[in-house]
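Presented below is the structure to which this report refers.
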Amino acid sequence: MAFRNDFLWGGATAANQCEGAYDVDGRGLANVDVAPHGPERYAVVSGQRKMLDFEDGYYYPAQTGIDFYHHYKEDIALFAEMGFKTFRMSLAWTRIFPNGDETEPNEAGLAFYEDVFRECQAHGIEPLVTITHFDCPIHLIKEYGGWRNRKLIDFYKNLATTIFTRYKGLVKYWLTFNEINMILHLPFMGAGLVFEEGENKEAVEYLAAHNELVASAWATKIAHEIDPEVKIGCMLAAGSYYPYSCRPGDVRQAQLDNQDNYFFVDVQSRGYYPAYAVKKLERLGIDVGMTDEDREILAANTVDFISFSYYSTRCSAGADNPDVERTQGNAFAGAKNPYLQESQWGWAIDPLGFRITLNDLYDRYQKPLFVVENGLGAKDVVEEDGSINDDYRIDYLRQHIAAMRDAVTEDGVDLLGYTTWGPIDLVSAGTGEMSKRYGFIYVDRDDAGNGTLKRSKKKSFDWYKKVIATNGEDLALGR
Ligand code: BG6
């Protein structure tokens with residue numbers, strides 16, 4: 001048997017990409033709500049274009065998502081039919097604290113998530129909950145400047161205390177911040193940051209990163225105090241950087257790029273700033289405002305496990321190799337790897353890189369790992385008879401699961417589980433499109449928000465069901 005008997009197979013979503021119902025039951029407005037579909041989305045999510053409210057002439061896909069808010073029973077039943085052992089989802093902070101800085105929570109928001117968790121429980125599905133997946137209340141951005149402000153640590157602590165108390169016994173696995181390193185790439189999404197003209201962007205990003213790291217450690221402390229049974233994980237947008245060539249300049253650049261990512265998990269897993277980060281911040285003249293209390297909290301409250309998303313590896317070229325072709329990736333631009341095929345959105349496809357990344361993370365941290373995102377965003381075609389033959393998705397997942405199995409059986413990586421990204425089609429975080437689909441379950445909705453929202457099974461649905469039923473032994477296409 002390759003995977004442990006209690007291996008947590010499942011799928012992963014985020015509140016803002018599927019819930020919709022953005023103004024229902026007292027929910028407040030969040031950064032993710034005002035990220036439009038279309039050419040200006042990148043400028044908004046990276047904090048270059050200030051859009052803190054809905055503006056005329058734009059379509060905002062998070063307002064409706066796939067309306068998981070009203071379909072969650074149907075959706076969870078479909079997950080259960082596939083045999084999910086776990087379902088990763090996130091909380092919308094603004095359902096629970098509409099402005100973020102209230103002292104008392106919004107009961108309707110708390111009740112909604114309790115209902116979702118109970119529904120999971122009724123199907124024997126273990127919820128895996130991300131406290132914040134790219135969401136930050138708009139009020140905290142307008143009033144406090146987002147995560148650049150230390151006050152957000154206190155608001156987050158209040159959120160953490162509220163949810164760990166309320167959901168004690170219902171949720172065992174928590175992640176503090178989705179893809180925390182995304183602060184450096186999509187800072188409006190990652191930390192509610194909008195930059196002023198002439199501002200030192202990097203300094204603000206590291207300040208926000210510090211505040212999130214401290215908040216994460218506080219949440220770990222609070223969780224363990226309220227319920228010693230819970231397990232807290234960090235969450236990294238992973239995918240190791242390869243040197244473009246064996247030129248020392250390329251190898252050094254890959255090392256630096258990897259350190260930029262590892263920095264976050266180094267702090268969350270080891271409890272202190274690594275030497276390379278201390279030196280980098282010194283060199284850049286950045287003061288993150290570390291207090292003695294921060295230092296103690298970070299040191300005493302490291303995470304229980306390391307979770308991460310994996311879509312592809314990346315490639316680094318040094319300054320002495322400037323003519324290298326660049327490519328897209330999950331918000332990380334890099335050198336184009338000439339040995340890899342790419343998805344329709346230009347993301348490199350690298351199953352062996354998954355095994356390499358699993359090894360890199362396990363070697364570095366020696367803590368259990370949890371793959372909480374992996375998958376292929378692709379356009380699907382609905383045939384006349386309603387069928388959707390997504391063999392390309394099956395192929396991508398099959399190769400990645402096989403690589404993951406090798407990492408476990410051949411390399412000894414300790415792995416808790418695997419959740420594919422978007423088991424049901426949802427709004428793309430990067431582009432705001434619906435047509436960039438990841439699901440085993442198709443949702444009838446297009447990029448402009450038209451469609452019935454009807455759910456239907458793709459070919460990959462039965463395939464993944466079989467993978468789970470055989471605990472990852474049978475990956476063949478089958479029928
Ligand atoms: C991860 C995020 O970066 O990648 C998800 O945690 C996101 O929120 C996923 O949806 C896939 O990216 P995209 O841009 O294809 O939606």
Side-chain angles (χ1 to χ4, degrees), residues 10-19 30-33 35-39 41-42 44-46 61-62 65-66 68 87-93 128-136 175-191 212 233-239 261 264-265 307-314 327-334 342-349 354 357 370-380 392-393 396-397 400 418-439 443 445 447:
T13 61
N16 76 87
Q17 291 169 256
C18 67
E19 278 180 11
N31 57 344
V32 280
D33 300 328
H37 170 247
R41 185 176 178 90
Y42 181 73
V44 172
V45 296
S46 58
I66 56 162
F68 176 79
F87 169 45
R88 176 178 174 226
M89 52 176 280
S90 77
L91 307 177
W93 190 341
L128 161 62
V129 183
T130 319
I131 300 176
T132 53
H133 189 125
F134 294 155
D135 80 331
C136 181
L175 309 178
T176 51
F177 289 90
N178 180 62
E179 297 190 333
I180 189 163
N181 50 326
M182 219 38 119
I183 291 178
L184 304 179
H185 303 275
L186 301 176
F188 183 64
M189 286 267 216
E212 285 195 3
C234 53
M235 199 306 198
L236 179 76
N261 278 341
F264 295 86
V265 182
S307 87
F308 65 97
S309 60
Y310 176 84
Y311 293 92
S312 66
T313 45
R314 299 145 187 156
T327 187
Q328 289 305 306
N330 188 4
F332 297 72
E342 292 179 347
S343 77
Q344 290 164 327
W345 274 264
W347 294 19
I349 298 175
F354 190 22
T357 299
F370 204 143
V371 178
V372 297
E373 286 184 34
N374 174 235
L376 178 72
K379 286 196 198 294
D380 289 329
Y392 37 89
R393 183 167 294 109
Y396 176 101
L397 292 171
H400 283 76
Y418 172 80
T419 60
T420 64
W421 176 250
I424 182 166
D425 293 343
L426 35 65
V427 176
S428 158
T431 68
E433 294 163 298
M434 266 306 295
S435 54
K436 191 178 186 190
R437 297 173 183 275
Y438 288 84
V443 178
R445 191 154 190 90
D447 290 343

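One-based numbering, in listed order, for ligands and for the atoms of each. Model, not experiment: these values are computed from the prediction.
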Item checked: Contact partition for Ala429 relative to ligand 1, non-hydrogen atoms under 4.0 Å -> both
Margin query: Only heavy atoms of Tyr311, strictly under 4.0 Å: list the atoms of ligand 1 that pass.
Written below: 4 (O), 9 (C), 11 (C)
Notebook entry, point to check: Taking distance alone, with no angle check, do Thr431 and ligand 1 share an N/O pair under 3.5 Å?
Noted result: no
Next item on the list: Using the six-membered ring wherever Trp is involved, compare the ring planes of Trp347 and Tyr311 and label them parallel, tilted or perpendicular (cut-offs 30° and 60°).
Entry: perpendicular
Notebook entry, point to check: Got a second to check how far Ile131's CD1 is from Asn178's CG, nearest 0.5 Å?
Noted result: 12.0 Å
Item checked: Asn178 contact mode with ligand 1 (heavy-atom cut-off under 4.0 Å) -> side chain
Notebook entry, point to check: Hey, is Trp345 touching ligand 1 through its side chain, its backbone, both or neither, going by heavy atoms under 4.0 Å?
Noted result: neither
Margin query: Can you name the atoms of ligand 1, numbered from 1 with element, that are less than 4.0 Å from a heavy atom of His133?
Written below: 2 (C), 5 (C), 6 (O), 8 (O)
Next item on the list: Pick one of side chain, backbone, both or neither for how Trp347 approaches ligand 1, counting any non-hydrogen atom pair under 4.0 Å.
Entry: side chain
Checklist line | For Ser428, atoms of ligand 1 separated by under 4.0 Å from a heavy atom | finding: 13 (P), 14 (O), 15 (O), 16 (O)
Check: Mind checking what makes side chain to side chain contact (heavy atoms under 4.5 Å, CB included) contact with Ala15, not counting sequence neighbours?
Finding: Glu19, Ser90, Ala92, Tyr113
Item checked: Close side-chain approach of His37 to Glu433, heavy-atom, < 4.5 Å -> yes
Next item on the list: Could you tell me whether some N/O pair between Gly430 and ligand 1 is separated by less than 3.5 angstrom?
Entry: yes
Item checked: Non-neighbouring partners of Phe354 that pass ring pair (Phe, Tyr, Trp, His ring centres under 6.0 Å), sequence neighbours left out -> Tyr310, His400
Item checked: For Tyr438, the ligand 1 atoms whose distance to one of its heavy atoms is below 4.0 Å -> 11 (C), 12 (O), 13 (P), 15 (O)
Next item on the list: Indicate yes or no: at least one non-hydrogen side-chain atom of Glu179 is less than 4.5 angstrom from one of His133.
Entry: no
Next item on the list: Report, in ascending order of atom number, the atoms of ligand 1 lying under 4.0 Å from any heavy atom of Lys436.
Entry: 13 (P), 14 (O), 15 (O)
Notebook entry, point to check: What are the two closest non-hydrogen atoms of Ile183 and Glu212, and how far apart are they?
Noted result: CD1-OE1, 3.4 Å
Notebook entry, point to check: Is Asp380 paired with Arg393 through a side-chain N to carboxylate O contact shorter than 4.0 Å?
Noted result: yes
